[in-house]
Amino acid sequence: MIRFMPFALSTFLFWLTVLPVAAMAAGDAPGVTTDPSLAALGERLYKTGIGTSGKPVAAIDLSGQQVFAPQFHCAACHRNSGYGSREGGVYIPPIVGKVLYEPMTPNRARSFNSMYFQDKNAEMAARINSARTRPAYDLVTLERLLQTGVDAAGEQIPHAMPRFEVSRRDVEALDAWLHVLSGQPDPGVNGKAIQFAVIISDRTPELTRRALLDTTRVYFERINKNIASDRSRPNFSPLFRSEFESFWREWALQVWTLRGDEATWPEQLAEYYNASPVFAVIGGSVVAPWQPVGDFCDRNKLPCLFPLTDLPAEGANAGGYTLYAYGGLPLEAAVMAEFLGRDGKRRRIIQLAADAANGAIPAAAFGRYVGMAEPANASDTVQVPSGDWDRAIVDASRQLGQDDVLVVWPGSDAEAAVAALARAEPGTSRILLASGAEPFAVAKLTGLPIADRVRIMHPTELPSIINPHSYRVRAWLNARRVVVDPPEEQFQVYYALSVLEKAVMEIQGDYSREYLIEEIEMIAESNLSPGVYPNLTLGPGQRIASRGSYVVKLDPNEEGGVSLDGDWIVP
Amino acid sequence: MYLHQVRSKRAATALKLGIIVCSVLTAASAGSQSNITRTYADYIAPDVDLIKTTKKTVSFTKLVEGSRPVVLEFFYTSCTTICGTQTSTLAGARKQLGNGITFVSVSIDPEYDTPARLSEYASNFPAGDNWHVLTGKRSDITRILTAFDARPFGDNKMLHRPYVFIRPADGHQWIRIEGLATSKHIAAEVREAIANPPPKSSAWVGFQKSLNRLMGN
């Protein structure tokens with residue numbers, strides 16, 4: 001048995017997988033016309049398991065049992081892109097039309113991965129190493145495959161793929177859908193280059209802008225130099241890399257700068273996109289809610305990878321096209337509510353929220369969470385205009401008793417809000433702060449009588465823990481004369497770029513944005529994180545990579561001036 | 001003449017061996033849908049609390065170290081490929097075996113797999129009582145995976161392997177099955193484990209368990 005190895009494609013239903021290199025550019029199979037209504041029924045069957053009759057289609061699992069679970073829908077394994085997946089030594093092959101409806105021909109680039117990265121018994125290994133082919137699928141062989149598990153070459157496929165109780169009409173619908181599924185490469189790629197964009201705004205601080213763009217530019221330079229180097233030496237690596245040369249494209253960077261009122265951003269984004277579509281958006285920082293950018297990405301089915309934002313779009317984890325490193329201030333609000341609810345006490349809570357999105361959004365979220373908790377608590381929210389923190393904190397302190405809680409969402413006014421806390425020293429049992437206030441709280445509140453009542457959300461790794469990979473990233477940036485400041489932001493950009501590089505390598509010229517996201521879902525948890533967050537993990541359909549936070553207290557004896565108050569909290 | 005006989009005998013033996021090997025290979029390749037390996041191993045379950053679909057906590061040790069037969073698997077709800085198949089298999093085995101067996105499914109994606117999500121997943125595979133679908137703290141689940149030698153490569157859940165662990169009662173070694181088995185196969189393994197239990201756990205494992213209990217680990 002050959003052991004499974006990471007990040008590689010391999011073969012389970014090998015006879016379905018191999019496709020001509022030129023097929024990337026192909027659309028529908030020649031001469032095939034697709035009935036749109038039939039294709040829509042096929043899409044429904046593919047994604048939800050509902051057959052053309054309107055009833056769920058039964059899958060028959062490897063034990064012969066009828067199953068209707070979502071885990072047995074076509075899209076669960078072959079994914080929305082149709083390009084398949086891999087897991088636990090099981091390889092799920094692509095079933096897009098350009099693969100399924102073309103005869104399989106031996107192709108070394110494709111079979112390279114199939115040979116080495118899959119559990120195989122002797123029979124499977126022999127099949128992969130032989131130069132046999134299979135004919136193109138048609139309606140009859142597709143129906144036979146679905147119902148009996150016999151492929152177009154007459155071979156029995158492994159039982160990891162269920163059999164399905166499909167009717168002829170179901171097969172016709174599925175056939176219509178598979179003919180159009182991922183039929184064309186997505187915009188932003190041509191024969192020479194892949195276009196990527198970094199989105200910033202005129203509010204992005206100079207330091208962040210430099211961190212984003214410098215890191216991205218040197219990364220692109222490295223990739224493009226590698227490609228140029230490989231291309232300059234014909235047959236440079238007859239056993240491996242040269243096989244993939246035809247899939248490679250230079251990486252081209254566009255910087256989209258949004259200006260003025262946020263209401264005009266969708267229009268500006270559309271203008272940029274229409275002028276030169278990109279395949280994906282990397283990083284980005286707009287210093288505003290990500291909502292308009294996230295909506296734009298969703299509308300255009302455009303992957304937006306790990307923006308630097310603490311205000312994700314609403315429903316961020318519901319499967320849109322933006323992947324977030326962490327859940328932002330709404331996540332901190334949820335963690336705070338969970339933290340407060342742990343002792344089961346009722347108390348009065350006043351929230352002081354900056355009069356801006358980064359105050360109002362987490363305050364609203366926190367209000368919802370404490371209202372739903374057991375026991376439920378009511379919270380009053382006071383919007384605090386910039387420069388009015390002293391008055392707001394004194395007013396709140398007067399209203400709150402010893403057992404009550406003051407929550408502060410200072411937004412961009414963190415320094416002023418913390419200074420006001422230091423002056424007023426509220427007598428409440430707990431003063432809870434958003435993570436943005438931590439450096440100011442450490443500097444100004446440590447040693448004060450209120451210090452032991454202050455708790456701060458800390459969604460990143462603790463200052464005392466340093467991921468070894470961060471040394472490599474820092475050295476890599478230093479070697480390219482990129483100033484590392486602020487490191488957390490640059491490390492996150494580097495993470496986004498390295499995940500993207502790996503994913504682009506894995507999709508092997510099948511330039512589908514859905515496929516890119518599906519690959520990133522698989523790759524995110526690998527060892528690419530430089531450790532800004534304790535764990536970055538994604539999975540199929542998951543959109544937020546870090547889903548919890550520490551709660552810390554001020555502690556001058558610890559690295560960074562804070563120590564843990566309890567475990568990592570995942571709300 | 002004598003030499004010739006020896007050579008003939010060797011040739012005949014080689015031929016027989018060849019036939020046997022070919023037969024075994026053919027049988028293996030024709031009959032199995034995937035590679036399944038079966039081994040015995042001693043594991044010490046860490047004393048951690050996990051969270052049930054009802055949001056209540058349960059001691060993992062108490063679940064798996066009782067006198068009842070246990071079937072244990074690792075899965076996660078957004079898994080694309082093997083988890084649904086494996087859980088479906090266990091549900092089938094559960095129906096065949098009745099209520100006397102404890103089934104334990106532990107999520108390896110605990111931060112995403114909330115009790116509500118686990119509940120929704122479990123509802124797709126109705127299997128009656130005494131099936132514990134569990135999540136918990138990431139660090140605790142990593143301890144369990146480590147204890148059962150089931151940590152995926154690079155701790156990347158997408159690279160996890162299809163394992164099922166079976167034990168008839170505490171004090172015996174676990175049967176470790178790797179690969180996608182059928183429900184009939186799993187049920188047969190459980191029945192066999194009850195009828196002919198795996199070897200006893202080593203004295204060293206017993207000593208370590210006692211020590212852990214004393215130390216409160």
Side-chain angles (χ1 to χ4, degrees), chain A residues 1 4-7 12 59 61-65 67-72 75-79 84-92 119-124 126 156-160 162 317 518 521-527 534-535 537-542 544 546-548 567-568 570-571, chain B residues 24-26 28-30 32-35 37 75-93 95-96 109-114 120-121 123-125 135 137-140 152-163 178-187:
Chain A
M1 186 173 74
F4 182 77
M5 293 173 71
F7 312 130
F12 196 43
D61 75 1
L62 83 169
S63 305
Q65 306 173 106
V67 192
F68 293 94
Q71 287 75 16
F72 289 79
C77 296
H78 294 281
R79 312 303 313 278
S85 61
R86 57 193 181 279
E87 191 169 20
V90 176
Y91 175 59
I92 308 297
D119 283 353
K120 296 183 284 289
N121 57 21
E123 181 198 31
M124 181 62 75
Q156 188 75 38
I157 63 165
H159 275 74
N317 212 10
E518 289 159 9
E521 289 169 351
M522 300 193 74
I523 290 164
E525 198 169 352
S526 55
N527 297 325
N535 290 298
T537 81
L538 289 174
Q542 300 182 26
I544 295 177
S546 180
R547 287 181 284 270
D567 290 329
W568 176 257
V570 180
Chain B
V24 167
L25 283 178
T26 308
S29 58
S32 68
Q33 63 276 14
S34 62
N35 297 319
T37 58
F75 80 105
Y76 63 99
T77 61
S78 62
C79 174
T80 53
T81 306
I82 57 179
C83 305
T85 300
Q86 185 166 286
T87 308
S88 175
T89 290
L90 292 196
K95 278 183 208 157
Q96 295 170 41
D109 188 13
E111 296 192 357
Y112 186 72
D113 287 342
T114 57
E120 189 188 339
Y121 178 86
S123 70
N124 292 312
F125 307 100
T135 184
K137 285 185 199 162
R138 172 179 289 277
S139 53
D140 290 341
F153 182 87
D155 283 336
N156 184 347
K157 64 179 174 293
M158 307 295 286
L159 304 180
H160 79 125
R161 315 279 313 175
Y163 294 123
E178 179 176 356
L180 290 172
T182 62
S183 53
K184 202 173 161 187
H185 182 156
I186 297 293

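Basis for what follows: all heavy atoms, side chains included, without hydrogens, waters or symmetry-related copies. What you see is a predicted model; the values in this text were computed from it and never measured. Chain naming here is simple, since letters A, B, ... match the order of the sequence lines and numbering starts at 1 in each.
Taking each heavy atom of Gly539(A) and Met158(B) in turn, the nearest pair found is CA-SD, 4.3 Å. Taking both residues in full, the closest heavy atoms of Ser78(B) and Gln542(A) are given as OG-NE2, 2.9 Å, listed atom of the first, atom of the second, then distance.
Distance check: Thr182(B) OG1 to Gln65(A) CD gives 9.0 Å after rounding to the nearest 0.5 Å. One finds the OG1 atom of Thr537(A) at 11.5 Å from the CG atom of Asp155(B) (value rounded to the nearest 0.5 Å). Separation of atoms OG1 (Thr81(B)) and CZ (Arg79(A)) is listed at 8.5 Å; rounding is to 0.5 Å. Atom-to-atom distance recorded for Thr80(B):OG1 and His78(A):NE2 is 10.5 Å, nearest 0.5 angstrom.
Glu518(A) pairs by the salt bridge (charged side-chain N to carboxylate O under 4.0 Å, His left out) definition with nothing, not counting sequence neighbours.
A side-chain donor-acceptor contact under 3.5 Å links Ser63(A) to the backbone of Ser183(B). Glu87(A) contributes no side-chain N or O that, together with a main-chain N or O of Cys79(B), makes up a donor-acceptor pair within less than 3.5 Å. Side-chain atoms of Asn124(B) do not come within 3.5 Å of backbone N or O of Pro70(A) as any donor-acceptor pair.
Residue contact with chain B, scored on non-hydrogen atoms closer than 4.5 Å, involves the backbone of Leu538(A) exclusively. For chain A, no part of Ser139(B) is nearby; none of its heavy atoms comes within less than 4.5 Å.
Contact annotation: the side chain of Leu180(B) approaches that of Leu62(A) to within less than 4.5 Å [non-hydrogen atoms, C-beta and beyond]. Between Val570(A) and Tyr112(B), every side-chain heavy-atom pair lies at or beyond the 4.5 Å cut-off. The side-chain heavy atoms of Gln71(A) and Cys83(B), taken from C-beta on, include no pair separated by under 4.5 Å. Looking at Glu525(A) and Leu159(B), their side chains never come closer than 4.5 Å, going by heavy atoms from C-beta outward.
Note on Asp567(A) versus Arg138(B): no salt bridge recorded, every NZ/NE/NH1/NH2 to OD/OE distance being 4.0 Å or above.
Chain A forms the most heavy-atom pairs under 4.5 Å with one residue out of Ser88(B), Gly84(B), Gly154(B), Pro152(B), and that residue is Ser88(B). Interface summary for chain A: among Thr114(B), Thr89(B), Ile186(B), the most heavy-atom pairs under 4.5 angstrom belong to Thr89(B). In terms of heavy-atom pairs under 4.5 angstrom with chain A, the leader among Lys137(B), Glu111(B), His160(B), Lys184(B) is Glu111(B).
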